[in-house]
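Reviewing the structure listed below.
The sequence lines fix the lettering, A, B, ..., with proteins before strands; numbering per chain opens at 1.
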There are 2 protein chains.
Amino acid sequence: MKPITLKDIALKLNISVTTVSKALQGRRDVSKSTRQSVVDLAEEMNYVPNSVAVNLRTQQTKTIGVIIPTVVHQFFSKVIDGVIEEAEKQGYLVITLQSNENFEFEKKQLQLLMQKRVDGILISLSNETQHCNHLNEIIKNEIPIVLFDKIYKLANCSKVYIDDQQAAYNAVTSLIKKGYKRIAHFRGSLTPQNSIDRFLGYKRALTDNDIEFDASLVYLCNNNDDFNDGYNNANKLLIEQNNVDAIFAITDLIAVGILKCFNEKGIKIPKDIAVFGFSDWFMASVVTPSLSSVKQPSFEMGRKATEILIDEIKNLNKNISYSFQNVVLPTTLAIRDSI
Amino acid sequence: MKPITLKDIALKLNISVTTVSKALQGRRDVSKSTRQSVVDLAEEMNYVPNSVAVNLRTQQTKTIGVIIPTVVHQFFSKVIDGVIEEAEKQGYLVITLQSNENFEFEKKQLQLLMQKRVDGILISLSNETQHCNHLNEIIKNEIPIVLFDKIYKLANCSKVYIDDQQAAYNAVTSLIKKGYKRIAHFRGSLTPQNSIDRFLGYKRALTDNDIEFDASLVYLCNNNDDFNDGYNNANKLLIEQNNVDAIFAITDLIAVGILKCFNEKGIKIPKDIAVFGFSDWFMASVVTPSLSSVKQPSFEMGRKATEILIDEIKNLNKNISYSFQNVVLPTTLAIRDSI
DNA sequence: TTGTATGCGTTATCAA
DNA sequence: TTGATAACGCATACAA
């Protein structure tokens, strides 16, 4: 059964398509009686407006695109939740794409979204991404774009993120205040901004507390497999170091990998070595011992980024100029048994 | 800057839009030289085809919609992963919507997808859903639809799911084989098919092994808050029962809630009481003790459902008739320290 | 209050 | 090999 169109309704009622269109839009330059009969017939015939036609005509799709590294990730799925909820509230649909932490993929996905003529784009950059030429392409085409989480600071658009450096600083400081002195850091890849910032926060917390930074205490986790990276590096650390009393891990998954290693080896947490995570996934509260972690507002990040994006879309449509926003969301510490 | 159109290219080259269109489609009823110049200019002008116009003209959107209860859920995010991957491979985009376990919402989301003229729909039913009139509406409009995971058996469409009853049977049987005799069941809501099936599997495993079914050992978890449902019911069970030696929980989250309760109360797992979960979330392998669970193929479920859906879309386009598929995916048991 | 004409950007038919 | 024309379904400026 082919979908009913305005034409079908017009034909049956012996009026013009225009009038049907107007009636359905509830405008009052159409008599109450015809409006009613149109609405009734549309209902009866199960008329469903064709968004594609509307989109072509109105030049907007009421759809936004989101690109994230991966959906199977508690942080990002919560972000998506926030995005979908806010988008829906404002009548927008959401197309989700993954970059798989791959720059070429990320570029391709942006291209797809442009073709699809989405009204705006949300993106959290892949770890590989080291410039924003591909974003500039979008910006040049006047498609609003908002960066979140993994941002590129120089990009010429709005951004929603957390103060990674400060969050890491707070976490490490809390370790120091508890008396830990020789604190290792399990860091992420070298290029992503938040990996760098968390490392810098770690370093600054040390120096601010007169603890000398020791590069040999920094372990690199960059295999896109946090849990095993944490597990393996924990093993390595046990061999290489003998007086580390705490570890600040850049993600909860890495921290949980560390926990597993230590639990297996009979290392007592936090007595022998304390562990601090980052992101506060649900898991953190149910592992043994429960994991201290930095709480970051994932749902709110998605929601806020979407709100800003849709604002920009609306401004653009109304030809109102706007300036880009830099929203820094607050983080807190969830202190649990692992420290 | 407004997007470049075929017309812009045609104008510059002083040829017709038709020819430009043909050239870009790589057809050979256009001379090699003009084809080349068109392609070159398109490249130079950064031409991006307008999908909306293409969609209107070709009457297909190359987009599919997915409706799931919630995205913040490891099982569903893995399903989505499978969906996106398969869809992408076949050149389709994915719009994700959530029903929030609410029937009215589910209906509304279906309506939205119809408006959007998606080529097909994937859906995992909400717990509230108890009939498929809303699905029939879609089917009547000849939009292919594939049910997965939370299916409605009588629906007239393809389905991809697991044999919940058998999976539960296997899990409970493995408990019995280990010597557990008084096995409680933490079940889900009363209406969803997989909640019913898992319960039936539990029951059948008991009777097949000459263990009398005791309704007082069945605890209901239906507050859409599995972790706390598990935690609270575990507390309740400790008060009400004194010789239960194992619990089969309908989800890992419920099982982890049980673990937390028992760990707090000093109940030894599995010595005092064994616990078996369902779904095998990542979490299961890192909690203490590690949780035995039923592994179900989430990614593959999404991938397979998408494959079937797109097949049906293609058949429909070619006017080839097809019959609905019932794909039952295999499950296995992940046996760990909790039993 | 109603309807005619036009166009959104593309593809497809068919004649030149 | 090329292009004029129509059509996809809808919304809007404007005329009646």
Side-chain angles (χ1 to χ4, degrees), chain A residues 1-39 41-42 45-63 114-119 141-143 317, chain B residues 1-39 41-42 45-63 114-119 141-143 317:
Chain A
M1 205 183 73
K2 263 187 48 178
I4 306 300
T5 69
L6 294 186
K7 200 172 159 193
D8 297 323
I9 299 177
L11 243 44
K12 273 218 177 175
L13 253 32
N14 234 314
I15 56 178
S16 76
V17 170
T18 305
T19 306
V20 176
S21 171
K22 284 179 184 167
L24 253 19
Q25 289 179 67
R27 288 164 51 159
R28 55 250 171 84
D29 59 344
V30 44
S31 79
K32 207 166 171 182
S33 62
T34 47
R35 199 191 318 164
Q36 197 49 247
S37 53
V38 167
V39 171
L41 184 59
M45 298 179 78
N46 277 315
Y47 170 72
V48 179
N50 184 331
S51 298
V52 179
V54 175
N55 296 342
L56 181 61
R57 176 59 234 233
T58 60
Q59 297 287 73
Q60 43 171 328
T61 53
K62 288 285 192 172
T63 304
M114 281 190 61
Q115 281 195 219
K116 201 64 183 171
R117 294 296 193 269
V118 293
D119 295 339
N141 280 278
E142 288 186 21
I143 300 174
N317 289 343
Chain B
M1 204 184 73
K2 264 185 48 178
I4 305 301
T5 68
L6 294 185
K7 201 172 157 192
D8 298 324
I9 299 177
L11 243 45
K12 273 220 177 172
L13 253 32
N14 234 314
I15 55 177
S16 78
V17 170
T18 306
T19 305
V20 175
S21 173
K22 284 179 185 167
L24 253 19
Q25 288 178 67
R27 286 162 52 159
R28 55 253 171 85
D29 58 343
V30 43
S31 77
K32 205 165 171 183
S33 62
T34 47
R35 200 193 317 166
Q36 198 48 248
S37 54
V38 167
V39 171
L41 184 57
M45 297 179 79
N46 276 317
Y47 169 73
V48 179
N50 183 332
S51 297
V52 180
V54 176
N55 295 343
L56 181 60
R57 176 62 233 225
T58 60
Q59 296 288 71
Q60 43 171 324
T61 53
K62 288 287 192 171
T63 304
M114 281 190 62
Q115 282 195 218
K116 199 68 182 169
R117 294 296 192 270
V118 293
D119 295 337
N141 282 276
E142 290 186 20
I143 302 174
N317 289 343

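Look at CZ on B:Arg117: it is 9 Å from C1' on D:dG9, rounded to the nearest Å. Taking atom CG of B:Asn55 as the reference point, atom P of D:dC8 lies 16 Å away to the nearest angstrom. Distance CG (B:Asp8) to C1' (C:dC8): 13 Å, rounded to an integer number of Å. Look at NZ on B:Lys22: it is 7 Å from C1' on D:dG3, rounded to the nearest Å. Protein atom CZ of B:Arg27 is 6 Å distant from nucleotide atom P of C:dA12, rounded to whole Å. If you take CD1 of B:Ile15 and P of D:dA4, they are 11 Å apart, rounded to a whole angstrom. Atom pair B:Leu6:CG and C:dG9:C1' shows a separation of 7 Å (rounding to whole Å applied). When rounded to the nearest whole Å, the span between CD of A:Gln115 and P of C:dT10 equals 11 Å.
Nearest-nucleotide positions on DNA chain D for B:Ala53 and B:Asn14 put B:Asn14 closer to the 5' end. Along DNA chain C, the nucleotide closest to A:Lys32 and the one closest to B:Val48 are compared, and the more 5′ of them pairs with A:Lys32.
Residue B:Lys7 is classed as having no contact, given no heavy-atom separation below 4.0 Å to the nucleic acid. Using a 4.0 Å heavy-atom distance criterion, A:Arg28 is classed as a sugar-phosphate-only contact. Here B:Ser21 lies in heavy-atom contact (under 4.0 Å) with a base. At the heavy-atom level, B:Ser31 lies under 4.0 Å from the strands shown only through sugar-phosphate atoms. At the heavy-atom level, A:Pro3 lies nowhere under 4.0 Å from the strands shown. In this structure, A:Leu56 reaches the bases: a heavy-atom distance under 4.0 Å links it to at least one base atom across the strands shown. At a threshold of 4.0 angstrom between heavy atoms, the contacts of A:Asn50 are confined to the sugar-phosphate backbone, with no base atom among them.
For B:Thr34, no side-chain nitrogen or oxygen approaches OP1 or OP2 of D:dT1 to under 4.0 Å. In this structure, B:Tyr47 does not reach the C:dG9 phosphate: none of its side-chain N or O atoms is under 4.0 Å from OP1 or OP2. Taking side-chain N and O atoms only, B:Gln59 has no distance below 4.0 Å to OP1 or OP2 of D:dA7. A close approach under 4.0 Å does occur between a side-chain nitrogen or oxygen of B:Thr19 and OP1 or OP2 of D:dG3. An OP1 or OP2 oxygen of D:dG3 is reached within less than 4.0 angstrom by no side-chain nitrogen or oxygen of B:Thr18. A close approach under 4.0 Å does not occur between any side-chain nitrogen or oxygen of B:Gln60 and OP1 or OP2 of D:dC8.
Using a 4.5 Å cut-off on side-chain heavy atoms (C-beta onward), A:Thr5 and A:Asn50 make no contact.
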So A:Ile4 and A:Asn46, side chain to side chain contact (heavy atoms under 4.5 Å, CB included) or not? Walk me through it. CA-CA 7 Å; A:Ile4 306 300; A:Asn46 277 315; 5.6 Å; no
Side chain to side chain contact (heavy atoms under 4.5 Å, CB included) between A:Asn55 and A:Arg117: does it pass, once the steps are laid out? CA-CA 9 Å; A:Asn55 296 342; A:Arg117 294 296 193 269; over 6 Å; no
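Distance alone, capped at 3.5 Å, is enough to place a donor-acceptor pair between the B:Ser51 side chain and the A:Gln115 backbone.
Here the options are A:Leu11, A:Leu6, A:Ile9, the test is side-chain contact (heavy atoms from CB on, under 4.5 Å), and the partner is A:Val17; only A:Leu6 passes.
In plain terms, the two heavy atoms of B:Leu56 and A:Leu56 that are nearest each other are CD2-CD2, 3.4 Å.
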